[in-house]
Amino acid sequence: MINITLRDDVKAFENGTSLLDVAKSISEGLARVALSATVDGSVCGLDFVPKKDCVVNFLTFDDEDGRRTYRHTTSHILAQAVKRLFPSAKLAIGPAIDDGFYYDFDFENPITNNDLEKIEAEMKKIIKEDLPLERFELPRAEALKLMEEKGEAYKVELINDLPEDAVISFYKQGDFTDLCAGPHLLSTGKIKAIKLQYTAGAYWRGNENNKMLTRIYGTAFPKKAELDEYIERLEEAKKRDHNKLGRELEIFTTVDSIGQGLPILLPKGAKIIQILQRFVEDHEDKNGWVRTKTPYMAKSDLYKISGHWDHYKDGMFVMGDEETDKEVFALRPMTCPFQYQAYLNRMRSYRDLPLRYGETSTLFRNEASGEMHGLIRVRQFTISEGHLMCRPDQLEEEFKNCLEMAIYMLKTLGLYEDVSYRFSQWDPDDKGKYIGTEEQWNEAQDTMAKILDHLEIPYKVGVGEAAFYGPKLDIQIKNVFGKEDTLITIQIDQMLAEKFGMEYIDKDGTKKNPYIIHRTSIGCYERTLALLIEKYAGAFPAWLAPTQVKILPISDNYLDYADKLYAALKEKGFRIELDDRSEKIGYKIREAQLEKVPYMIIAGEKEMNEGTVSVRSRKNGDLGTMTIDEFMIMLSKEIEDKVI
RNA sequence: GCUAGUGUGGCGCAGUUGGUAGCGCAAUUGAUUCGUAAUCAAUAGGCCGAGGGUUCAAGUCCCUUCACUAGCUCCA
C-alpha cells in the first residue's frame, strides 16, 4: 500500500494506482478539473504512479503550474498540426509562458497569417481526435536514433546537451512524438479554447549568431468565454499604449528626418518631465545629495580607463576614427566616469564619506535599430543619475537609503504595486562581457546578496543581466504588451574605483578604494513618462497633469468673468487653459474630457452673478458650485498631497 | 542587427485585374450665444514615406532606402 497525503488527509492506495485514479477516488469533479499535480513538490502528470508514500497536491487551471501543463500540451498540439501541414518543418522548443505558449519551428518557406488560420483549424481537429498523450523513456543512443530518423536536428542537439545521467523522455500523441520532460495532460481532447496569436522570429537557443527560427505564439483556456475575456483584456491594454496615446495627447512625436529613437517632447510631455525632475532633485537634495553637471562627451581616453571602450563601444556614438584623427570623442552612454572626476578633484578622507553625487544626466546610446520603442527605448534620454562613494561600513545603510528613495518615488507615482525586483548577476560562462576577476565578482555578488537578504527584498535572479562592471538590483516593470523593462537600477561597484584610482585615507592612514553605489531614483524620465501614460491611460493625477484646470465659459457673454478666473488661478501657479471658443458647453466639456484634464470650471450667468464657479471633475463629473478660493484650496491640497 | 508586417491630407480609414485620389472626424470661415461628453452651413487641405526602375500610363508591379509595429538579441 502507498500512503498519499492530500492536503491534511492521508489515504492509502493500492500499489500501481495512478494520480488520476487517486483524484477520481476523491471526486469526479476533481478528476475533471485536475490538470497535473505536485508529488513531494515536483510537478507530475496525472498518469504518474506513486511508488512510495508521498504528498500530492492536485493542480487546476487556477495554479500556475496547472496552467503551464495545460498550455504546454497545447504547444504540442500546435507542433503536431504544423508537422501534418508542413512535414518538412523542423521542431525546436515549445514551452508554456506566462499567458500562453509558443513553439519554435524551422520552416522551409516563411509562413503567413493565412497559414496560421490553417494551423489553428488543424489543431482543433487534433483536439477533436482526443489523442492520448503517452510518455516513454529511451536510453540516450536510442533517443538520438529516433530523432535522427525523424530528421529533427535541433532535438538531436538538445539530447546531446543533456547531462549524462538525465532521463530522456518523450511524449507521443497519435502520429506525433516529441522530446519532452513533461508533464502533460492525458489527452488532446482536454484542451477547450485555443488561439494562435502571432508569429515572430527568434534565434535558436537565444543566440543571435544562430539561425533565426519562426516562433508561433498562442494561448489556451479551459473555456471559450475565458479566452474571449483574455483577448478583450489585451485589446483594452493596447488602448493604453503610450506610443499611441502619447502621440494622440500631444505628449511627444517623432520625425523621420531627426531619426529613430530621438523623440520630440511636446509642451505637455516636457511639462510633465519638468515636474518630475523638480520633484526628484528636491527630494534627493533633502536626502543629502549634491549636484554635479558634467560634459556630454569625452575623449576616448576616459572610456578606455572605465572599460567602456572595450565593453560598450558598439553602444556609443563615437565621433572620429582613431586611425586618422588625433582626438576621438564619444557621447557619454553613462555618467559614471564623469562623476568620478568630481570625486578625484582632491584627496578624500574617511570623514568625507559618504559622498552622494546626483546629476540629471542626458545619455546617448546607439541602440540597434530594431530596439527602439516609443519613449521606452530611445537613443537619447535623461536619467536621475547618481553615484555614491562610501566606506565598507556604510555600504548597507547607504544602499538601503538609495532603495528607500526609489521606493518612495515609485509609491508617489503610483507605480510601486506594478514592479518586481531582479538581482542581476554576471554570467560566469561569458566572462568576456565583464571586467574584473571571478573572485571580485563573487565578492561583489555576495556582498549584494547579503544586503538584499538582510533588507528582505523579494528578488528573482537574472543570470547574465549584470552591468559589465558589477551586479545590480533592478526594479522591473511591464508595459501594456507585458514586456518587462528596467525602470530603476541600484548597483554596487568595486571595480571602477580601482580603475580610476579613487581613494580615501582611512583612520589608520592607509589609502583605500571606496565602494561606489550607482543608482537612479526614478529611472530615465522618458521611460518613466511612458509607463505613467500607460498606468493612467493618459489621465494624469492633478500634480502631474500638464493642464490641471480648463475654464469653460458657457458663452462669449461670460468671457470677462472667465478672464478674471484665469488670472486668479494663474497667479497661484496652477496650470490652466481657457476655452474661449464660441462652442456649446457640452462640446467644450467633451473635448476637455478627451484631453483628460483633471478639472473643468464652468462659468455662466449664475456663477458670474454669485461670484462662484461650477466645478466638474474628470473622474467624478459635476461637483457643484463653490467659490474660486474654495476650489483653489481643494486643488492645492490635492496637488500638495500628490493624490494619485 | 535579425524575422514578420505596416507606411494614402492632423487623426482613423476606402481605393476592385495598373487608367491619373475619395470618406468620416479634426481644421478654417460664417451663422448661432448656448448649462455638464459632439449646433448648422460653407470652404480649404494630399505630387499616396523617400529615391530609382518597368510601362503609353504606377497609390497599385519591381529594386533600394527611411520610418513605424510586434517578437528575438541587446538594454535604463
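Hydrogens, waters and symmetry mates play no part in the numbers below; they use all other heavy atoms, side chains included. Every chain is numbered from 1 and lettered A, B, ... according to where its sequence line falls, protein lines coming before strand lines.
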Quantified in whole Å, what is the [atom1] atom distance between nucleotide [N] and nucleotide [M]?
N	M	atom1	result
G53(B)	A14(B)	C1'	28 Å
U8(B)	G51(B)	P	16 Å
U16(B)	A21(B)	C1'	14 Å
G45(B)	U29(B)	P	15 Å
G9(B)	U3(B)	C1'	33 Å
G15(B)	U54(B)	P	29 Å
C66(B)	A76(B)	C1'	26 Å
C13(B)	A26(B)	C1'	14 Å

Name the nucleic acid region contacted by [X], choosing base, sugar-phosphate or nothing; use a 4.0 angstrom heavy-atom cut-off, strictly under.
X	answer
K211(A)	nothing
V255(A)	nothing
E605(A)	base
L594(A)	base
R581(A)	sugar-phosphate
I585(A)	sugar-phosphate
G586(A)	sugar-phosphate
E248(A)	nothing
G374(A)	sugar-phosphate
E583(A)	base

I'd like to check, for F481(A), whether its ring lies over the base of A70(B) with centroids under 5.5 Å apart and a plane angle smaller than 30°.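 Whether judged by distance or by angle, F481(A) falls short somewhere, so it does not stack on the base of A70(B).
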Indicate the ring-plane relationship of [X] and [Y], choosing parallel, tilted or perpendicular according to the 30° and 60° boundaries.
X	Y	answer
Y469(A)	H518(A)	parallel
H311(A)	F468(A)	parallel
W309(A)	Y303(A)	parallel

Do the side chain of [X] and the base of [N] come within less than 3.5 angstrom through a donor-acceptor pair of N or O atoms?
X	N	result
E371(A)	U73(B)	yes
Q197(A)	A70(B)	no
E607(A)	G35(B)	yes
S614(A)	G35(B)	yes
D556(A)	U33(B)	yes
R377(A)	C74(B)	yes

Is the phosphate of [N], meaning OP1 or OP2, less than 4.0 Å from a side-chain N or O of [X]?
X	N	answer
K483(A)	C72(B)	yes
S369(A)	G1(B)	yes
K588(A)	A38(B)	no
Y587(A)	A26(B)	yes
Q260(A)	C66(B)	no

### Message
What is the distance, to the nearest angstrom, from the NZ atom on K584(A) to the C1' atom on U32(B)?
### Response
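The distance from NZ of K584(A) to C1' of U32(B) comes to 9 Å, rounded to the nearest Å.
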Nucleotide nearest [X] when distance is taken to its side chain, options [options]:
X	options	result
F381(A)	C75(B), U73(B), A76(B)	A76(B)
Y558(A)	G1(B), C34(B), G71(B)	C34(B)
T489(A)	A70(B), C2(B), A76(B)	A76(B)
T254(A)	C74(B), G71(B), C68(B)	C68(B)
Y203(A)	U73(B), C34(B), A70(B)	U73(B)

Self-check item: Set of ring-ring contact (aromatic ring centres under 6.0 Å, His included) partners for F540(A), sequence neighbours left out
Solution: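 F540(A) satisfies ring-ring contact (aromatic ring centres under 6.0 Å, His included) with no other residue.
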Paired with I216(A), the side-chain contact (heavy atoms from CB on, under 4.5 Å) test is passed by just one of Y102(A), Y103(A), F105(A), namely F105(A)
Check your understanding: Is it true that E610(A) and K606(A) make a salt bridge, defined as a side-chain N closer than 4.0 Å to a carboxylate O?
Key -> no
The correct set of residues in residues 517-536 of chain A placing a heavy atom under 4.0 Å from RNA chain B is C524(A), R527(A)
Review point. Is the NZ or CZ atom of R71(A) positioned over F101(A)'s six-membered ring, under 6.0 angstrom from the centre and within 45° of the axis?
Key: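 Negative - R71(A) is either too far from the ring of F101(A) or too far off its axis.
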Listing, residues 428-436 of chain A side-chain donor-acceptor contacts under 3.5 Å, not counting sequence neighbours, or none:
{"unit_1": "K431(A)", "atom_1": "NZ", "unit_2": "P428(A)", "atom_2": "O", "d": "3.2"}
{"unit_1": "Y434(A)", "atom_1": "OH", "unit_2": "D427(A)", "atom_2": "N", "d": "3.1"}

Under 3.5 Å on both distances, the Watson-Crick or G-U partner of C2(B):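 Base partner found: G71(B).
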